[in-house]
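FYI, side chains are in, hydrogens and waters are out, and symmetry mates aren't considered; it's all heavy atoms of this structure.
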Amino acid sequence: MDSAGGRADYAGWSRDELIARLHALESQAGGSAGDRVVREAPAAVPEEACETPRKRKKRVDQFDFSRFSQRKVALKFSYFGWPYHGLARQGNALESDSKQEVETQYPTVEGELFRALAQCKLIVSESECDYSRCGRTDRGVSGFGQVASLYVRSTGKFLSEGEAAEIAASGTAEHGRVVRDEINGARPVLLPLDELELPYVTMLNKHLPPEIRILAWSPVAADFSARFSCRSRFYRYFFSEEGLDIGAMRDGARRFLGAHDFRNFCRLDPAKQIQNFERVVLSVEINPVAPVVPLVGVSASPMGRWWQLELRGTAFLWHQVRCMMAILFAVGQGLEAPDIVDRMLDVETMNGKPEYEMACDTPLVLADSAYDEADVQWRYVRCPGREASNMVHLDREIGQVWGRLNTQAVLASALLQVLRDTRIPVPAEAGSAAAAAGGPPTGLWANCHARLTEAEQRKTTRAILGGGHTRCAGKYVPIAQRRRADPVHQRNEAWLKRKGSSKRAKSDHP
């Protein structure tokens, strides 16, 4: 029955011969009847099933999560936002082919994070880990202190009720603490000491792109939520001094302090049916970027002097910070008086948002997220006081990213300097020696650029949007005189009517 090559040719075997061969192979394997699953042979084997041997599928061993306990943790992480289409993933991005395709085409920070969690076998699935994020950031916006909470695999040991009672009676935490979470079926679990827990930071960073780094982790309680347990969120917006009056911007910024209705400083989404636009700004300042940041704050030119809006609040509306910065830029350029902030916060008088373009996304950073110390205690190193390898790796990796980006900035700066040092023909003044000789005079483009820029500014307005972006606005129209959107309640009602009409149309045409 064997072929010439020494392998059996099963294509021509009968049903009885195939069954006999299977029994023979089981006997050779030495397995006992107790650990084998014996299946009843089918009543009939179709002839076509034996005609062409099927290609063997490669065996993939499934990771058995039931053997491991899970614990709730908080992850503190950073990311540069410009390579991604925002923080938030498109639903459970890795749990369907269609959503994976969308995630591939429009990558998100969370998509990369969940891919790393899956590769490390730290979560059963996206939908079963009780995931929560501190704050959602849009496309292009970065984060230095973003926080997420979720359940992950642990080295914690399942205990019997007797063992749990014995540890509780001893009142010692020498080997860890005992918890009972629903995700573990309420079974008692002895969580390990931090240095004996899985190295979450190192594990995940090995599978994440260099623009995303896990900075630290913390044990948290089962009812902890990265979103709802957060006490305040701290944003920074970086900008160059060029063309701006910092004193006027500071005057405008201080008017945001306190509790206000920010409906004129956000992007409204009627689908969310938001009724309350009051938010509390706990602190707001415009400060210079510290000179210790390499190549920043040491230039005599306004282009090289950098500032940052530092803004702390309990919560923020969609695009609120970028809208606030857009108005502050207008104030800094002298296009608006600082009291425009007060007028826009008076929603009784200005009951519809005026049209204006919000500031660029790239300079905005969610810099920190504050929690009660009793809830979160960040672990930046695995063995405090004995090793700091995690911080060494983080410093090296982030330094490499900085090196690459800084190299690009220096190259662009050098090219700009080459351009400014170029000599070009310039108009000759009447009666000059060059004009008499008939040859066109030359001058540095830097000088010509300055004169042309000054002349352009007298004819048109180029609004600063941050991040190196400007917008030619022609003749500037003051904010208070611009066309306004309908009041919020009217826009919400209009959306509900459209939705109701859509639902009725669908019911009429099943």
Side-chain angles (χ1 to χ4, degrees), residues 34-35 61-77 92 95 113-114 116-134 147-205 207 214-231 369 371-387 389-390:
D35 60 14
D61 293 329
Q62 294 295 323
F63 190 85
D64 186 5
F65 276 95
S66 65
R67 296 173 48 230
F68 301 92
S69 64
Q70 298 182 60
R71 70 181 302 175
K72 199 166 195 181
V73 302
L75 298 176
K76 184 177 185 179
F77 59 102
N92 295 329
E95 295 187 3
L113 177 61
F114 274 99
L117 288 164
Q119 289 173 338
C120 294
K121 309 296 186 193
L122 288 178
I123 59 172
V124 178
S125 69
E126 295 176 71
S127 58
E128 298 179 71
C129 63
D130 192 24
Y131 179 81
S132 172
R133 71 178 76 90
C134 171
V147 174
S149 59
L150 72 165
Y151 277 98
V152 293
R153 176 167 60 93
S154 169
T155 59
K157 176 187 175 184
F158 285 114
L159 300 176
S160 66
E161 293 296 339
E163 291 172 325
E166 184 177 342
I167 293 176
S170 66
T172 177
E174 180 181 355
H175 302 294
R177 61 188 180 91
V178 178
V179 298
R180 295 172 182 267
D181 288 352
E182 289 298 325
I183 201 166
N184 293 315
R187 295 169 60 187
V189 173
L190 178 63
L191 295 179
L193 299 176
D194 293 343
E195 60 192 68
L196 300 178
E197 185 55 278
L198 292 172
Y200 297 123
V201 174
T202 305
M203 290 173 68
L204 288 169
N205 281 339
H207 294 276
I214 305 297
L215 304 177
W217 75 279
S218 172
V220 294
D223 60 354
F224 177 86
S225 166
R227 178 184 177 187
F228 296 110
S229 300
C230 184
R231 297 306 181 197
S369 310
Y371 296 88
D372 288 340
E373 189 174 350
D375 293 337
V376 176
Q377 306 88 38
W378 295 117
R379 272 65 166 167
Y380 289 92
V381 296
R382 188 168 174 81
C383 303
R386 299 203 300 275
E387 64 85 33
S389 59
N390 176 50

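For the pair V73/Y200, a side-chain contact is recorded, criterion being any heavy-atom separation below 4.5 Å from C-beta on. No side-chain heavy atom of C129 sits under 4.5 Å from any side-chain heavy atom of Q70. At a threshold of 4.5 Å between non-hydrogen side-chain atoms, the residues H207 and C120 count as touching. The shortest distance between side-chain heavy atoms of F224 and V376 falls below 4.5 Å. In this structure the side chain of P192 reaches within 4.5 angstrom of the side chain of R71, judged on heavy atoms. Side-chain atoms of L198 and M203, non-hydrogen and from C-beta on, do get closer than 4.5 Å to each other. The shortest distance between side-chain heavy atoms of F158 and P188 does not fall below 4.5 Å.
D181 places no side-chain N or O within 3.5 Å of a backbone atom of I183 that could act as its donor or acceptor partner. Checking side-chain atoms of E128 against main-chain N and O of S125 turns up no donor-acceptor pair under 3.5 Å. Although no hydrogens or angles enter the test, the distance criterion places no donor-acceptor pair under 3.5 Å between the side chain of K76 and the main chain of I214. Not a single donor-acceptor pair under 3.5 Å links the side chain of K72 to the backbone N or O of L150.
The CG atom of L117 sits 8.5 Å away from atom OH of Y131, with the distance rounded to the nearest 0.5 Å. Here F68 contributes atom CZ and R153 contributes atom CZ; the two are 5.5 Å apart, rounded to the nearest 0.5 Å. Put simply, OG on S389 and CZ on R382 are 9.0 Å apart, with the number rounded to the nearest 0.5 Å. Separation of atoms CZ (F114) and CG (L122) is listed at 11.5 Å; rounding is to 0.5 Å. Considering CZ of F77 and CZ of R133, their distance stands at 9.0 Å, rounded to 0.5 Å. Separating the CG atom in N390 from the CG atom in L215 is a distance of 8.5 Å, to the nearest 0.5 Å.
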Derivation of the side chain to side chain contact (heavy atoms under 4.5 Å, CB included) call for L159 and V178 = CA-CA 9 Å; L159 300 176; V178 178; 3.9 Å; yes

Apply the test side chain to side chain contact (heavy atoms under 4.5 Å, CB included) to residues V147 and L75: give CA-CA distance (whole Å), side-chain angles for both, the deciding distance (0.1 Å), then the verdict.
-> CA-CA 6 Å; V147 174; L75 298 176; over 6 Å; no

Salt bridge (charged side-chain N to carboxylate O under 4.0 Å, His left out) between R379 and E197, worked out = CA-CA 11 Å; R379 272 65 166 167; E197 185 55 278; over 6 Å; no

Taking it one step at a time, do R180 and E161 satisfy salt bridge (charged side-chain N to carboxylate O under 4.0 Å, His left out)?
-> CA-CA 11 Å; R180 295 172 182 267; E161 293 296 339; 2.7 Å; yes

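In this structure, the side chain to side chain contact (heavy atoms under 4.5 Å, CB included) partners of D372, at least two apart in sequence or on a different chain, are R231, D375.
More than 12 heavy atoms of other shown residues, nucleotides or ligands fall within 6.0 angstrom of atom CD in Q377.
The shortest non-hydrogen separation linking A74 to W378 is O-CZ3, 3.5 Å. Between A222 and Y151 the shortest heavy-atom distance is CB-OH, 3.4 Å.
Residue pairs satisfying the side-chain hydrogen bond (donor to acceptor under 3.5 Å, both in side chains) criterion with at least one member in residues 218-230, sequence neighbours excluded, are listed as follows: S132-S225.
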